[in-house]
Amino acid sequence: MAERIIVDPITRIEGHLRIEVEVSGGKVVNAWSSGQMFRGIEVILQGRDPRDAHHFVQRSCGVCTYVHSIASVRAVDDAVKVKIPKNARLIRNLLLGAQYQHDHIVHFYHLHALDWVDVVSALKADPAKTAALSDNVSNAPWGGTNYFKNVQQRLKTFVESGQLGPFANAYWGHPAYKLPPEANLLAAAHYIEALRLQAKAARMHAIFGGKNPHPQSLVVGGVTCAADLTAERIAEFLYITKETHEFVKNVYIPDLLAVASFYKDWGGIGRTTNFLAWGDFPASDKEPESLFMPRGVIFKRNLEKPVMADPGKVTEHVARSWYEGAQARHPYQGETKPIQGDPKYDTDSKDGRYSWLKAPRYEGEPCEVGPLSHVLVGYAYGQKEWKQPVDHVLKTLNIPAEALFSTLGRTAARGIETLVIGEAMQGWVMELVENIKKGDTKTYEPYEMPDKAQGVGLNDVPRGALGHWIVIENKKIKNYQYVVPSTWNLAPRCAAGKMSPVEEALIGTPIADPKRPLEILRTVHSYDPCIACAVHVIDPDSNEVYKVRVA
């Protein structure tokens, strides 16, 4: 008899997400993903000035602020047909790159690592052996026996006080943890160092964006930070960029490879089928040809035949969502009309509704978006910036390319793109410097707001493909829809009954202990959900409900 496990809400994410699975024979055989929070900003925007939209949409959450802002201004850029200046393009790229550097470091160390690293086990480690391990696998600027002894003592103080702080309520001692104590101590030490580094990385947004979160320098037609294009400000940005990149290169990537070497079986777990990337970081106003991160779709894991992605082929389904109607619509015609009354959560009926998320589809197919899609598309096109680091990871771990379509691949891809984008950012800074040296300080292009227009802003952000669609009438917003990465990845089933990527990825996941479903968290966290933190496990034989808090 199948056992049902409900994780509601998922923790170490943004927002409120419920994951429900059925387990039989020690593996997941069915899964449902449910967004438990209604987002009504699309409705709030109707009738407003299109130029104000980006200030509203970046308040969708406190994490993804810049990414929604840039997607919004790009949608209006497209509607008014303005070509932004070179400096504006470079600054937009640098601010988006800064988002990648900050988000991925925080995700790996502070949101996802605890699914693989047993922090309490680190108390059993030999600091001298940890120091030797660090010298062997990492180029970290700190280390040595005394350093790791001090970290271990800090962890011990946490444990003995009974207040584990950020390490509380996790599944310490779970049989699915494989790292030896010394590796756990190494990872715990770097968790702490990453806390310091991410605070510095966040400053990059403030340099050219005015503040973080919610940068203020983006406008339709360019950016407003011309006064900040001084040698001192640019040098400050470049310094933090380099410091962050050194951490990624010398600490993050070695840690990623070291941890992954103990979990290579996860190259066959958490698998999905289709992958979509809008691409980003334009090198000119010719898109998608000039995108540093390329645009494309991969169907059925076929790396030999990537195809160009067309935003006209996107539809959103609501047949299994808490919205009126059942018709799939393109975002230009999209509606955000929540059903009347209290929503009934129904995963048992064929047509039951169970989520506030819509179900995006590309040519009718669910597609995973995010770092794995970015890396796979670049790899499939054979672009050296993406292919070389992927081949290095595959060779180092001694795994085939087929292992990329997995939770392991998804986690590795996040590190790969952090490295690749961080390297590119330094070149973009110098390109900005050279342009200013030539006397070009223009950051804004004037435009006229038409009475009637429509536009789309396509971006690929740390969590994946992001699109904002705007319809303008009488110079006001008539309709506004945005399709976000977590909608693609964490949606419910569509009208055709097709699972979302996370639902598909959970099928076949081994569950060692239903009362502590660590394995579910590994795959769900690998998507870095942006939607939030207790676990309920229902035993169908006894009807007993286990409530387990998770970190």
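As a basis for the values below, the full set of heavy atoms in this structure was taken, side chains included, without hydrogen atoms, waters or symmetry mates.
Asp451 CG: more than 12 foreign heavy atoms inside a 6.0 Å radius. Atom NZ of Lys211 has more than 12 heavy atoms from other residues, nucleotides or ligands within 6.0 Å. For Glu448, the CD atom is loosely surrounded, since the number of other residues' heavy atoms within 6.0 Å does not exceed 12. Atom NZ of Lys86 is surrounded by more than 12 heavy atoms from other residues, nucleotides or ligands within 6.0 Å.
Under the 3.5 Å distance criterion, the side-chain polar atoms of Tyr66 are matched with a main-chain donor or acceptor of Arg92. Side-chain atoms of Ser321 do not come within 3.5 Å of backbone N or O of Tyr323 as any donor-acceptor pair. Side chain of Ser373 to backbone of Glu368: a donor-acceptor contact under 3.5 angstrom is found. Arg203 places no side-chain N or O within donor-acceptor distance of the main-chain N or O of Ala199, the cut-off being under 3.5 Å. For Lys475 (side chain) and Met449 (main-chain N/O), a donor-acceptor pair under 3.5 Å exists by modelled atom type. No donor-acceptor distance shorter than 3.5 angstrom exists from the side chain of Arg353 to the backbone of Arg320, with no hydrogens or angles considered. A donor-acceptor distance shorter than 3.5 angstrom exists from the side chain of Asp440 to the backbone of Lys442, with no hydrogens or angles considered. Between the side chain of Tyr480 and the main chain of Val43, no donor-acceptor pair closer than 3.5 Å is present. When atom types are taken as modelled, the side chain of Thr443 and the backbone of Thr224 share no donor-acceptor pair closer than 3.5 angstrom. Using a distance-only test at 3.5 Å, with no hydrogens or angles considered, no donor-acceptor pair links the side chain of Asp228 to the main chain of Phe208.
By the 4.5 Å heavy-atom criterion applied to side chains, Phe275 and Thr272 are counted as neighbours. The closest side-chain heavy-atom distance from His104 to Val248 is not below 4.5 Å. Two residues are said to be in side-chain contact when any heavy atoms from C-beta on lie closer than 4.5 Å; Arg233 and Cys225 fail this criterion. Taking the side chain as every heavy atom from C-beta outward, Glu363 and Val297 never approach each other to under 4.5 Å. In this structure, the side chains of His245 and Met425 stay at 4.5 Å or more apart for every pair of heavy atoms. Looking at heavy atoms from C-beta onward, Pro215 lies out of side-chain contact with Leu95 at the 4.5 angstrom threshold. At least one side-chain heavy atom of Leu229 sits under 4.5 Å from a side-chain heavy atom of Leu432. Contact of the Gln333 side chain with the Gln481 side chain is not registered, since no non-hydrogen atoms from C-beta on lie closer than 4.5 Å.
The structure places CG of Leu376 at 5.5 Å from CZ of Phe405, a figure rounded to the nearest 0.5 Å. Once rounded to the nearest 0.5 Å, the distance linking OG of Ser217 with CD1 of Ile91 reads 7.5 Å. Once rounded to the nearest 0.5 Å, the distance linking CG of Asn87 with CG of Asn435 reads 4.5 Å. From Ile6, atom CD1 reaches atom CD1 of Ile520 across 10.5 Å, with rounding to the nearest 0.5 Å. In this structure, Asn274 CG and Glu365 CD are separated by 5.5 Å, a value rounded to the nearest 0.5 Å. Atom CD of Gln426 and atom CZ of Phe237 lie 10.5 Å apart (nearest 0.5 Å).
Of all the heavy atoms in Ile298 and Ala380, the pair that sits closest is CD1-CB, 4.1 Å. Pro366 and Lys498 make their closest contact through CD-CD, 4.0 Å (heavy atoms, listed as atom of the first residue, atom of the second, distance). Taking all atoms of both residues into account, the shortest heavy-atom contact from Val483 to Trp488 is CG1-NE1, 3.4 Å. Pro85 and Gly221 make their closest contact through CD-O, 3.6 Å (heavy atoms, listed as atom of the first residue, atom of the second, distance). The nearest pair of heavy atoms linking Ser33 to Leu490 is OG-O, 2.7 Å. Between Thr418 and Tyr252, the closest heavy-atom pair is OG1-CE2, 3.8 Å.
Side-chain N/O atoms of His102 and Gln198 include a donor and acceptor closer than 3.5 Å. At a cut-off of 3.5 Å, with distance as the only test, no side-chain donor of Thr411 or Ser526 sits close to an acceptor on the other residue.
The only option from Lys358, Glu335, Arg329 that meets the side-chain contact (heavy atoms from CB on, under 4.5 Å) definition with Glu316 turns out to be Lys358.
Salt-bridge check for Asp103 with Arg463: passed, with a basic side-chain N closer than 4.0 Å to an acidic carboxylate O. A salt bridge does not link Glu445 to Lys83: none of the charged nitrogens lies less than 4.0 Å from a carboxylate oxygen.
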Enumerate donor-acceptor pairs with a distance under 3.5 Å from any side-chain N or O in residues 45-53 to protein atoms, sequence neighbours excluded.
unit_1, atom_1, unit_2, atom_2, d
Arg48, NE, Ile44, O, 2.9
Asp49, OD1, Arg51, N, 2.9
Asp49, OD1, Arg51, NE, 3.0
Asp49, OD2, Arg51, NE, 3.3
Asp49, OD2, Arg51, NH2, 2.7

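With sequence neighbours excluded, the residues satisfying ring-ring contact (aromatic ring centres under 6.0 Å, His included) with Trp428 are Phe281, Phe292. Looking at residues two or more places apart in sequence or on another chain, you find a side chain to side chain donor-acceptor pair (under 3.5 Å) between Tyr345 and Arg18, Glu20.
Ring pair Tyr354/Trp322: centre-to-centre distance not below 6.0 Å.
Note on ring orientation: taking the six-membered ring where Trp is involved, the planes of His525 and His112 are perpendicular (angle over 60°, cut-offs 30° and 60°).
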CA sep, side-chain torsions, deciding dist, call: Ile105, Thr244, side-chain contact (heavy atoms from CB on, under 4.5 Å): CA-CA 9 Å; Ile105 290 170; Thr244 304; 3.7 Å; yes

Residue pair Val484, His68: steps toward the side-chain contact (heavy atoms from CB on, under 4.5 Å) verdict: CA-CA 9 Å; Val484 308; His68 285 300; 3.5 Å; yes

Criterion side-chain contact (heavy atoms from CB on, under 4.5 Å) on Thr347 and Arg4, from CA distance to verdict: CA-CA 12 Å; Thr347 58; Arg4 186 160 292 203; 3.6 Å; yes

Derivation and outcome, side-chain contact (heavy atoms from CB on, under 4.5 Å), residues Ser486 and Tyr527: CA-CA 8 Å; Ser486 290; Tyr527 287 95; over 6 Å; no

